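Below you'll find the structure, written out as structure tokens, and then a few comments.
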Amino acid sequence: MTAAAAAAMIENGQMIGVGGFGPAGAPKKITPALAQRARAEHEAGRPFRVDVVTGASIGASCDGELAAADAVDRRFPFSVNAEMRRAYNEGRVRYTDLNLSDNATHLRRGFMGKVHWGIIEACDIQERDGRVRIYPTAGIGIAPTICRLAERGVFVELNSWHSTRLIGMHDIYEIGNDGSRHPLLITQPVERIGKPYIEVDKSRIAGIVETNEPDEARVMAPATAETDAIGAHVADFLLWNLRRGCLDRRRLTLQSGVGSSANAVMGALGSSSEVPEFNIYTEVFQEEALRLLMEGRVAKASTGALTISSTRLQELYRHIDRYRDRLLLRPSEISNCPEIIARLDICALNTAIEADIYGHVNSTKICGSRMMNGVGGSADFTCNAALAIFTCSSTTKDGKVSTIVPFCSHVDHTEHFVDAIVTEYGVADLRDKCPTERAEAMIAVAHPDYRPLLREYYALAKRGGGHTPHCLRAAFAMHDTYQRKGDMRLTRWEEYL
């Protein structure tokens, strides 16, 4: 059927579940047609909005198109799209931020309501004895759960841009409900526990829309002097931990967060000749991780999505036979599963918006209120990793904002789970330190312009005593100064006393 015909079957108030993880493997035809339908309904004076649940962020053809058409009521659980971000920061979309490992479980338990329709991208579909095998493309997300729960049926976008040589690279497994969960027998990154396809009854296929569209992967910003320095500090820190026996050199396994900064840090880390060959177990596989896999610096890798440029993805497809025993794609509840993260002794590398002098991390909200993207999988890895590292440049906005602050304006990751913060000025190793020692370590990796301000705040806070000293009247003074004057460096503590 056509995309418009599929969109015509979706009704106001229903929930659509969309496959893929980030732009990788995301459908690209039905959701723009649904946005067009929403506009027509609105022009006719009729309401038309749907709830949208995905595995993580999704391509602009979904979030951007639907948000621009005012076609979304509720959105779960993560988005990086600027149009959608504007909509939920303006209160036009009811957005629920959720740990990605919990997403499919919340759906199965009915917390989000019923899933009416599934929209899944495939590189191939095959019928066997009344059952249809759906072979996903470059990303999976919560596609298996969507396909099982969608009450009205599943639309399949059959995308010929993605090579069928991808068949066999997926490990599809859905965690059981409630008390029926079994141990997940994954002891190394590419160990298989599932099938290479999603299987549904033929009667539940609502329609097939043929497409030929590349993924909408964002262009990664090039490495900078700052990200190179951060990568070098991370490499030195890992080597120090390896030498001390805190990490196992024989099975070093890394996770890397999402975005240009994380991509650049991974590249810088991989370029260190002293860091031994390592594995990757992560949710998103980006450009630098692929380069390191192709060069042999990465031995084996498991991911939820291949978030790489169209050119590099087609290159991977052409040579994919080289990587069949080294690379595997999984649903997000497996790529982000706390049980597996803990078992594999993973070293987690994620990006912070800001961190405070005691080691709490904000990875979601600007000045405590404006959502950036969401927590995604960062908490899944941080809370369960053998070593949880957050990286960030010491300043943003041309030096007007310090990423090291007295008190985070919003906390996603508490001091109890954050092991280290790395900026271009070094590593703040926070493990087993008391608050005073944490504060000293954090201030040492702040930008030199902000170290005096942070020391003054800490001296002020200590006057009130306590285990973790704070002056509540001044705790957000740097944020307040930025909002009023446009530069945190103009802070005057006496204004808040």
Side-chain angles (χ1 to χ4, degrees), residues 21-23 52 54-60 62-64 66-68 72 74-100 103 216-221 226-227 230 256-265 283-284 286 305 307 332 336 348-356 360-382 389-405 407-414 418 421 423 476 478-480 482-483 486 488:
F21 195 109
V52 180
T54 62
S57 60
I58 208 72
C62 180
D63 269 355
L66 292 176
V72 179
R74 286 188 180 275
R75 177 73 172 87
F76 311 90
F78 184 80
S79 174
V80 300
N81 181 265
E83 194 73 43
M84 184 64 76
R85 181 186 307 128
R86 187 177 304 112
Y88 49 66
N89 279 324
E90 293 174 356
R92 293 184 284 114
V93 171
R94 293 185 286 176
Y95 174 61
T96 300
D97 188 20
L98 189 66
N99 293 325
L100 297 188
N103 194 19
E216 299 165 329
R218 293 177 293 162
V219 176
M220 292 292 166
E226 288 181 355
T227 58
I230 291 170
S256 177
V258 180
S260 294
S261 177
N263 183 63
V265 169
E283 56 189 353
V284 170
Q286 300 188 134
T307 308
S332 52
N336 292 55
L349 305 173
N350 287 289
T351 306
I353 289 175
E354 63 182 3
D356 67 32
H360 302 99
V361 168
N362 171 13
S363 59
T364 60
K365 294 182 175 67
I366 305 298
C367 287
S369 60
R370 297 192 67 81
M371 176 64 74
M372 185 63 184
N373 297 318
V375 72
S378 57
D380 299 328
F381 285 91
T382 298
I389 300 172
F390 278 89
T391 64
C392 57
S393 296
S394 63
T395 62
T396 61
K397 303 292 183 183
D398 297 321
K400 296 176 182 177
V401 172
S402 173
T403 59
I404 311 301
V405 294
F407 204 173
C408 279
S409 58
H410 173 84
V411 175
D412 296 291
H413 313 281
T414 72
V418 178
I421 304 292
T423 73
F476 299 115
M478 289 169 64
H479 298 90
D480 178 61
Y482 175 71
Q483 289 188 323
M488 283 185 175

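None of these values were measured; they are calculated from a predicted model.
- The one candidate from Val411, Val418, Asp412 that meets the side-chain contact (heavy atoms from CB on, under 4.5 Å) condition with Thr414 is Val411.
- Counted by atom type alone, Gln286 and Thr307 present zero donor-acceptor pairs between their side chains at under 3.5 Å.
- Scored by the salt bridge (Lys or Arg N to Asp or Glu O under 4.0 Å) test, Asp480 finds Arg484 as partners (sequence neighbours excluded).
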Stepwise, does the side chain to side chain contact (heavy atoms under 4.5 Å, CB included) test hold for Met372 with Val80? CA-CA 7 Å; Met372 185 63 184; Val80 300; over 6 Å; no
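- Tyr482 approaches Lys397 most closely through the heavy-atom pair OH-CG, 3.9 Å.
- One distance of note links NZ of Lys365 with CD1 of Ile353; it measures 9.0 Å at 0.5 Å rounding.
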Run the numbers on Val375 and Phe78 for side chain to side chain contact (heavy atoms under 4.5 Å, CB included), then give the verdict. CA-CA 7 Å; Val375 72; Phe78 184 80; over 6 Å; no
Kindly determine whether Arg85 and Asp63 satisfy salt bridge (charged side-chain N to carboxylate O under 4.0 Å, His left out), including the steps that lead there. CA-CA 9 Å; Arg85 181 186 307 128; Asp63 269 355; over 6 Å; no
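- Without hydrogens or angle criteria, Thr403 side chain to Ser394 main chain gives a donor-acceptor distance under 3.5 Å.
- Between the OG atom of Ser57 and the CG atom of Leu100 there is a distance of 8.5 Å, given to the nearest 0.5 Å.
- By the 30° and 60° cut-offs, the orientation of the rings of Phe407 relative to Phe476 is parallel.
- Residues that satisfy the salt bridge (Lys or Arg N to Asp or Glu O under 4.0 Å) test with Asp380, not counting sequence neighbours, are absent from this structure.
- With rounding to the nearest 0.5 angstrom, the OG1 atom of Thr395 is 11.5 Å from the NZ atom of Lys400.
- Here the CD1-CZ distance, from Ile421 to Phe390, works out to 7.0 Å after rounding to the nearest 0.5 Å.
- Pairing each heavy atom of Cys367 with each of Ser409, the nearest pair is C-OG, 3.4 Å.
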Checking side chain to side chain contact (heavy atoms under 4.5 Å, CB included) for the pair Thr364/Asp97: CA distance, chi angles, key distance, verdict? CA-CA 9 Å; Thr364 60; Asp97 188 20; 3.7 Å; yes
Does the side chain to side chain contact (heavy atoms under 4.5 Å, CB included) test come out yes or no for Ile58 and Arg75, once each step is laid out? CA-CA 11 Å; Ile58 208 72; Arg75 177 73 172 87; 3.9 Å; yes
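- Taking all atoms of both residues into account, the shortest heavy-atom contact from Ala379 to His413 is N-CE1, 3.4 Å.
- Pairing each heavy atom of Cys62 with each of Val52, the nearest pair is SG-CG1, 4.3 Å.
- Here the shortest heavy-atom pairing between Val361 and Ala355 reads CG2-CB, 4.2 Å.
- Between Tyr88 and Tyr95, the angle of the ring planes stays under 30°, which puts this pair in the parallel group of the 30/60° scheme.
- Distance check, rounded to the nearest 0.5 Å: OG1 of Thr423 to CD1 of Ile404 gives 6.0 Å.
- We find the OG-CG distance between Ser332 and Asn99 to be 11.5 Å, quoted to the nearest 0.5 Å.
- Scored by the side chain to side chain donor-acceptor pair (under 3.5 Å) test, Asn362 finds Glu354 as partners (sequence neighbours excluded).
- Using a 4.5 Å heavy-atom threshold, the side chains of Phe76 and Leu98 count as separate.
- The two atoms that bring Ile230 and Ser393 nearest to each other are CD1-N, 4.0 Å, heavy atoms only.
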